[in-house]
Asks: 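Provided herewith is a single structure, encoded as structure tokens, for subsequent inquiry.
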Amino acid sequence: MLIMSRRRLLASAATTTAMAAAFGLSKRLTFVNSAQAATPLEPRTGFYRYKVGSIEVTALYDGIWRKPHDPTFIKNASLEETKAALAKAGLTTEFVPIPLTVIVIKIGGKHIMFDAGSGVGQWQANATHLPGNMNAAGIDRSEISTVLISHFHPEHVWGLMEKSTTAATFPNAELIVNGTEYKWWTQPGRIEKLAEGRRAAGKRIADVFPTWKNWKLVEDKAEVAPGVQLLTAAGHTPGHSAFLVTSGKDQLMVSNDTMYVPALLAPHPEWEGVYDQDGPMAVATRRKLIDRIIVDKMMICGAHFPFPGAGVFAKDGNAYTFTPVVQS
């Protein structure tokens, strides 16, 4: 189990030993440094627990997208540059590894989920593990009282629906999302304005989500659960949001897709991904959020970070370094 304290974090650490010492928890933390070992693609177990103060956090592995290399994936970088960044981080260069982790926190006996995963058979063929890993972690989907949604990209929200139907996976859960995100995707005429490759997803959202009555639309800085605040982190999508989890003096930033592939974007925060709807805004948001977590010495987790999806950033000139937590 990982137990962290923001008081024990240092702003930077060059090696895994120094990083563990910075937390003062070397017996309970394991970090990986690309100079020492390759970052594993698949986890040994599909769930991982740690604490933020008194809040229990469970990271659940959904699967991984072995994304074929595509010269359009990073709009302002070449394939050679992206492969070099992957290699430097200790990752394969055969494809772009994009894992997916879903976070569930337990507050006062209630289970709160951050996004809902990709849905079995709805995103990637090998991203089907969330239901099984929830069971292994002892979390029944009927126990999910709230789903906090970062944005409406498929791997984050298709898990709200059963495949090929409009049936809700969590019919009794309150669904909380930034109102800007919801209104943008469900606005009349939106589908026709989307790029061809996104129209099918846009149509599914527009056809299904407005039929559900358990939505709660909120604004920036809204308290969405005890100790949890929604923070607008726009750019990746118009209403993309991060969530700040606070318990006592401990904090965790649930960053979702703000820094989606740290191996690429930590050393090159200026890179714009093809899935960033507003590239320059996404870059500005990325820098603002990462600078904040460094100054505040807090842990961060991301949906597409190496499982269990948590780690720390440090400044490296005008860029950053990322050191992930790995299963011990």
Side-chain angles (χ1 to χ4, degrees), residues 4-7 9 51-57 102-108 110-116 144-153 156-157 160 173-187 209 212 214-260 265 269 276-305 309-310 312-313 320:
M4 57 193 164
S5 169
R6 67 188 293 272
R7 292 170 292 177
L9 275 170
K51 281 199 168 184
V52 179
S54 63
I55 297 175
E56 179 183 85
V57 182
V102 174
I103 298 294
V104 175
I105 63 174
K106 188 175 182 180
I107 302 177
K110 292 186 176 182
H111 289 86
I112 299 167
M113 177 180 280
F114 294 80
D115 289 337
I144 302 297
S145 61
T146 305
V147 183
L148 304 177
I149 299 167
S150 65
H151 64 301
F152 282 176
H153 280 174
H156 298 264
V157 295
L160 293 172
E174 184 175 48
L175 309 178
I176 300 180
V177 68
N178 189 322
T180 299
E181 184 75 0
Y182 183 92
K183 293 171 185 176
W184 192 91
W185 285 96
T186 59
Q187 181 185 53
F209 286 179
W212 296 348
N214 50 339
W215 288 103
K216 181 179 180 180
L217 309 187
V218 299
E219 297 180 349
D220 183 36
K221 296 183 173 60
E223 184 179 46
V224 291
V228 183
Q229 185 182 47
L230 179 145
L231 301 174
T232 297
H236 187 62
T237 64
H240 179 272
S241 299
F243 299 93
L244 179 62
V245 179
T246 303
S247 178
K249 295 184 179 180
D250 295 347
Q251 292 183 303
L252 172 71
M253 183 67 76
V254 184
S255 66
N256 306 307
D257 280 7
T258 308
M259 175 73 83
Y260 40 91
L265 301 181
D276 291 330
Q277 287 180 232
D278 186 327
M281 181 183 291
V283 169
T285 294
R286 182 177 305 137
R287 287 189 176 278
K288 181 179 179 181
L289 185 138
I290 300 302
D291 286 346
R292 175 176 178 175
I293 67 107
I294 291 172
V295 169
D296 289 348
K297 301 180 177 63
M298 73 174 80
M299 187 76 85
I300 184 172
C301 64
H304 301 302
F305 292 8
V312 292
F313 284 91
Y320 308 96

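Only heavy atoms go into these numbers, but all of them, side chains included; no hydrogens, no water, no symmetry mates. All of these numbers come straight from a predicted model, not from anything done at the bench.
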Asks: Go through the steps for Leu160 and Trp212 under the test side chain to side chain contact (heavy atoms under 4.5 Å, CB included), then give the verdict.
Replies: CA-CA 11 Å; Leu160 293 172; Trp212 296 348; 4.0 Å; yes
Asks: Give the intermediate values and the outcome of side chain to side chain contact (heavy atoms under 4.5 Å, CB included) for residues Tyr320 and Arg286.
Replies: CA-CA 11 Å; Tyr320 308 96; Arg286 182 177 305 137; 5.7 Å; no
Asks: Do Leu230 and Leu148 have side chains that get closer than 4.5 Å, going by heavy atoms?
Replies: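 No, too far: nothing below the 4.5 Å cut-off.
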Asks: Decide yes or no for Leu252 and Cys301: does some side-chain heavy atom of the first lie under 4.5 Å from some side-chain heavy atom of the second?
Replies: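 Heavy-atom side-chain distance check passes, below 4.5 Å.
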Asks: Tell me, do Trp184 and Thr237 make a side-chain contact under 4.5 Å, heavy atoms counted?
Replies: no
Asks: Is it the case that the side chain of Ser247 and the backbone of Val245 share a donor-acceptor pair, with hydrogens and angles ignored and the cut-off at 3.5 Å?
Replies: no
Asks: Test your reading of the model: is there a side-chain donor-acceptor pair from Asn214 to the backbone of Ala173, 3.5 Å cut-off?
Replies: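 Indeed, once roles are kept as given, a pair shorter than 3.5 Å links the two residues.
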Asks: Do Gln229 and Thr246 have side-chain N/O donor and acceptor atoms under 3.5 Å apart?
Replies: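 Not at all, the side chains of Gln229 and Thr246 share no donor-acceptor pair under 3.5 Å.
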Asks: Can the ring centres of Tyr182 and Trp215 be said to be less than 6.0 Å apart?
Replies: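 Between Tyr182 and Trp215, the centre distance is under 6.0 Å.
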Asks: With side chain to side chain contact (heavy atoms under 4.5 Å, CB included) as the test, would you mind laying out the steps for Arg292 and Leu231 before giving the verdict?
Replies: CA-CA 12 Å; Arg292 175 176 178 175; Leu231 301 174; 3.7 Å; yes
Asks: Spell out, as yes or no, whether a donor-acceptor pair under 3.5 Å connects the side chain of Asn178 to the backbone of Thr232.
Replies: no
Asks: Report the distance from atom CZ of Arg287 to atom OG1 of Thr258, rounding to the nearest 0.5 Å.
Replies: 14.0 Å
Asks: Quick check against the 3.5 Å criterion: does Ser145 have a side-chain atom that pairs as donor or acceptor with the backbone of His111?
Replies: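 Yes; at least one donor-acceptor contact below 3.5 Å.
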Asks: Can you measure from CE (Met299) to CG (Asp250) and round to the nearest 0.5 angstrom?
Replies: 10.0 Å
Asks: Which heavy atom in Ala242 sits nearest to a heavy atom in Ser255, and how many Å separate them?
Replies: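 That closest heavy-atom pairing would be CB-CA, 4.1 Å.
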Asks: Tell me whether the count of non-hydrogen atoms from other residues, nucleotides or ligands lying under 6.0 Å of CD in Glu219 goes above 12.
Replies: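 Atom CD in Glu219 is not packed in, count stays at 12 or less.
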Asks: What verdict does the side chain to side chain contact (heavy atoms under 4.5 Å, CB included) test give for Phe114 and Val228, after you've listed the backbone C-alpha separation in whole Å, the side-chain angles of each residue and the deciding distance to 0.1 Å?
Replies: CA-CA 11 Å; Phe114 294 80; Val228 183; 4.3 Å; yes
Asks: Give, for atom CZ of Phe152 and atom CG of Asp115, the distance between the pair rounded to the nearest 0.5 Å.
Replies: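 The distance works out to 10.0 Å.
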Asks: Of the non-hydrogen atoms in Phe313 and Ile294, which two are nearest, and what is the gap between them?
Replies: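 Closest pair (atom of Phe313, atom of Ile294, distance): O-CG1, 3.5 Å.
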Asks: Is there side-chain contact between Ile300 and Leu289, with heavy atoms separated by less than 4.5 Å?
Replies: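 In contact.
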Asks: Indicate yes or no for a side-chain donor-acceptor contact from Thr285 to the backbone of Ala233 under 3.5 Å, with no hydrogens or angles considered.
Replies: no
Asks: Taking the side chain as every heavy atom from C-beta outward, state whether Ile105 and Val52 have any atom pair closer than 4.5 Å.
Replies: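 Ile105 vs Val52: side chains apart.
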Asks: Quick one, Lys183 and Leu217 - any side-chain contact, counting heavy atoms below 4.5 Å?
Replies: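 They are in contact (side-chain heavy atoms under 4.5 Å apart), so the answer is yes.
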Asks: Check the orientation of His151 and His156. Use parallel for under 30°, tilted for 30 to 60°, and perpendicular for over 60°.
Replies: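 Ring orientation of His151 relative to His156: tilted.
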Asks: Does the side chain of His236 pick up a donor-acceptor pair with the side chain of Asn256 at under 3.5 Å?
Replies: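 Absent: no donor and acceptor within the cut-off.
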Asks: Can you confirm whether Met298 sits close enough to Leu244 that some side-chain heavy atom of one is under 4.5 Å from a side-chain heavy atom of the other?
Replies: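 Sidechains of Leu244 and Met298: in contact.
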Asks: Are Ile290 and Pro269 side-chain neighbours, meaning at least one heavy-atom pair lies under 4.5 Å?
Replies: no
Asks: Hey, what do you get for CE (Met113) to CD1 (Ile103), rounding to the nearest 0.5 Å?
Replies: 10.0 Å
Asks: Measure the spacing between CD of Glu181 and CD1 of Ile149 and express it to the nearest 0.5 Å.
Replies: 9.5 Å
Asks: If I take atom CD1 from residue Ile107 and atom OG1 from residue Thr146, how far apart are they, to the nearest 0.5 angstrom?
Replies: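 Spacing of CD1 (Ile107) from OG1 (Thr146) equals 9.0 Å.
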